[in-house]
Undergrad: 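Below you'll find the structure I mean.
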Amino acid sequence: MIDISHVSKTFHPRAGRRGTQPVTALDDVNLTIGDNEFVTLIGPSGCGKTTLLRMVAGLTSVDEGLIRVDGKVVRGPSPDRAMVFQAFALMPWASVLRNVAFGLELRGTPKREREELARDLVRKVGLAGFEKSLPAELSGGMRQRVGIARALAVNPSVLLMDEPFGALDEQTKRMMQEELLRIWEMERKTVIFVTHSIDEAILLADRCVLMSARPGRIHEIETIHLPRPRSRADETSAEFIETKARLWDHLRSLQLAEEPKRVGV
Amino acid sequence: MRETTLTRVLTSGPVLKVIPAVVFLGLWEVGANWKDSLLIPNASTTIRSTFELVQRGETWEAMWISNQSLLLGFGMAVLTGIPSGLLMGRVRAIEKMADVWMNVLVVLPMAMLMPVIIMSLGFDLRARSLVVLLFAYPMVAVNARAGVREVPTDLIEMSRSFGAGEAQLWRKILLPAAAPAIWTGLRVGLGRAITGMILAELLLVSVGIGRLLQLYKGTFQPGNTYAIVAIVVAESLVLMAVVRRLEHRLVPWANDDAFSRT
């Protein structure tokens, strides 16, 4: 279980940069995420969704408040909260197999054991046969599968995904969404998934958290009442369309609330 | 252009390498004969002199004497340059402290340092090696530093996220990622080291190849003078080729192609 409690974060401009104000990325954010829950974070740029994700990962520090995962306070990164990166972050000099096994390699797992585990995951994410390939030889979608496999390999309590399909073209993105749903069904990890796409956010999530910017706050939480397992067909269901309309309404109202600030009225 | 066997042969590596050489030698031969100066040998004379010199024991003795400073100086440059460069890339404080000095080393005309070196170390092998070291070190260090600084933050965060300690980070991420830049530094540094090797013998103490160069020049043997230069150039090319070979074998992921393919 993830407990985000009264979390705030302010980014200060580097010394000497005149004219830039400190940015309140997050202001008193509270959120509880249950075990095996799939939560998506959406919102306009600057709403703090990536910052929040990185704080759960332990890559960004918390200014105020506390984040607890399974009762323990987050003080730094850990393979228990494994991350999938938007830009894949694969080692270009290593094979798919070695990349997937990397977390286990760092842990000290013996070579044979970690290669076996990695092979199994490579198969699970649909990359069987590509174990020896280098990242440069793979497409974007395939590289992200490696990233997902790597995160799953360390058997984390939480999977943190930072716009994982953001760098992919539309078709590949849609395919990867379905792949992720399929993989997630195999073992339902707790997931926090940051995205810009409302469709994606609704399709994948149990709950969808909409955040607002300046300062970063939780604006609205939508529970998605679509049954599991999900599929592409759900996109045309009434529930999906209504939820999407509601979220768009919220987003629009957020944007309109922004306008007067920008025009200076 | 349509790709036929002829075009493929004409644009192949060996052929493309030979074309400028042939053009250069041709221009040289014609130009030297036309100008007809006593002191400028033409290409054919130079080539003949080179062959002749290569057969003299004296030439190889000189090569060995000169190259001792290269071995010692460049060896030290690598041993000190890589670690210091890596440290500068990783620890902001160290980089800030060293920055000015590095810039000074890169731009300083070595000729100005010579008197200082003579006063401190005299005229021996140590002094020559120091010159080589000073020529090569900045290149090796600066490239190593750049290599570490350019490692994508993503990769570093990823490894931390999966539990890497500092030692693991170095061994598994920073060093492999910085390796291509380090090798570039070695290559460029080696080129500068060879320059330093010869300059030390011209400006500092006359031994080895430098001595021969001055000897042939002073006794009006233009063919041999140019031939000695050619021999040094040949050594540079051979050493560079060796480094490139090693580079290709040890860091095969180094090459990102920016060349157009049309």
Side-chain angles (χ1 to χ4, degrees), chain A residues 14 50 53-60 74-95 98-109 114 133-137 143 146-156 158-164 167, chain B residues 82 86 89-93 95-96 99 143-144 146-186 244-259 261:
Chain A
R14 269 223 293 263
T50 297
L53 187 81
R54 289 172 57 88
M55 283 172 147
V56 177
L59 291 170
T60 303
V74 170
R75 292 196 194 286
S78 154
D80 196 43
R81 289 165 266 120
M83 189 128 162
V84 177
F85 296 81
Q86 183 178 12
F88 322 128
L90 302 181
M91 301 183 292
W93 55 83
S95 66
R98 178 145 183 249
N99 267 292
V100 171
F102 189 57
L104 300 168
E105 183 184 330
L106 288 174
R107 188 178 281 178
T109 311
R114 66 175 189 251
S133 304
L134 292 175
E137 297 162 5
R143 290 180 202 175
V146 177
I148 294 172
R150 173 178 62 193
L152 291 174
V154 292
N155 199 22
V158 185
L159 207 54
L160 301 165
M161 307 181 82
D162 184 11
E163 296 191 58
Chain B
I82 294 182
L86 294 176
R90 181 85 180 129
V91 184
R92 184 53 68 85
E95 195 209 12
K96 283 198 154 60
D99 199 29
N143 276 283
V148 173
R149 297 211 54 206
E150 282 161 12
V151 177
T153 317
D154 255 5
L155 274 184
I156 300 178
E157 285 193 336
M158 178 278 295
S159 69
R160 284 250 183 262
S161 175
F162 283 97
E166 185 77 11
Q168 283 180 316
L169 178 64
W170 273 103
R171 241 184 322 133
K172 297 183 191 280
I173 300 284
L174 294 179
L175 285 177
I182 294 176
W183 277 96
T184 302
L186 290 180
R244 273 222 172 80
R245 265 290 163 80
L246 280 173
E247 195 178 342
H248 273 237
R249 288 197 59 217
L250 297 177
V251 274
W253 62 88
N255 286 315
D256 253 312
D257 237 0
F259 296 120
R261 289 184 194 280

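Within every chain, numbering begins at 1; the chains are lettered A, B, ... in the order of the sequence lines, protein sequences first and strands thereafter.
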Undergrad: Is it the case that more than 12 heavy atoms not belonging to R90(B) sit under 6.0 Å from its CZ atom?
TA: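 Yes, the 6.0 Å shell around CZ holds more than 12 heavy atoms from other groups.
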
Undergrad: Please flag which part of L90(A) lies under 4.5 Å from any non-hydrogen atom of chain B: side chain, backbone, both or neither.
TA: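 L90(A) touches chain B through backbone heavy atoms alone.
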
Undergrad: Considering only heavy-atom distances, could you tabulate the donor-acceptor pairs under 3.5 Å between chain B and chain A?
TA:
residue, atom, partner, partner atom, Å
E157(B), OE1, R54(A), NH1, 2.9
E157(B), OE2, R54(A), NH1, 3.3
E157(B), OE2, R54(A), NH2, 2.6
Q168(B), NE2, L106(A), O, 2.9
K172(B), NZ, E105(A), OE2, 2.7

Undergrad: Among P152(B), A177(B), G165(B), A179(B), who wins on heavy-atom pairs under 4.5 Å with chain A?
TA: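 That would be A177(B).
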
Undergrad: Which atom names give the shortest non-hydrogen contact between A82(A) and F162(B), and what distance separates them?
TA: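 Reported closest heavy-atom pair: CB-CE2, 4.2 Å.
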
Undergrad: Pick one of side chain, backbone, both or neither for A87(A), based on which atoms fall under 4.5 Å of a heavy atom in chain B.
TA: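 A87(A) touches chain B through backbone and side-chain heavy atoms alike.
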
Undergrad: If you round to the nearest 0.5 Å, how far is CG of L106(A) from CG of L169(B)?
TA: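 Answer for the CG-CG pair, L169(B) versus L106(A), is 9.5 Å.
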
Undergrad: Rounded to the nearest 0.5 Å, how far apart are CE of M91(A) and CD1 of I173(B)?
TA: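 Here the rounded value is 5.5 Å.
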
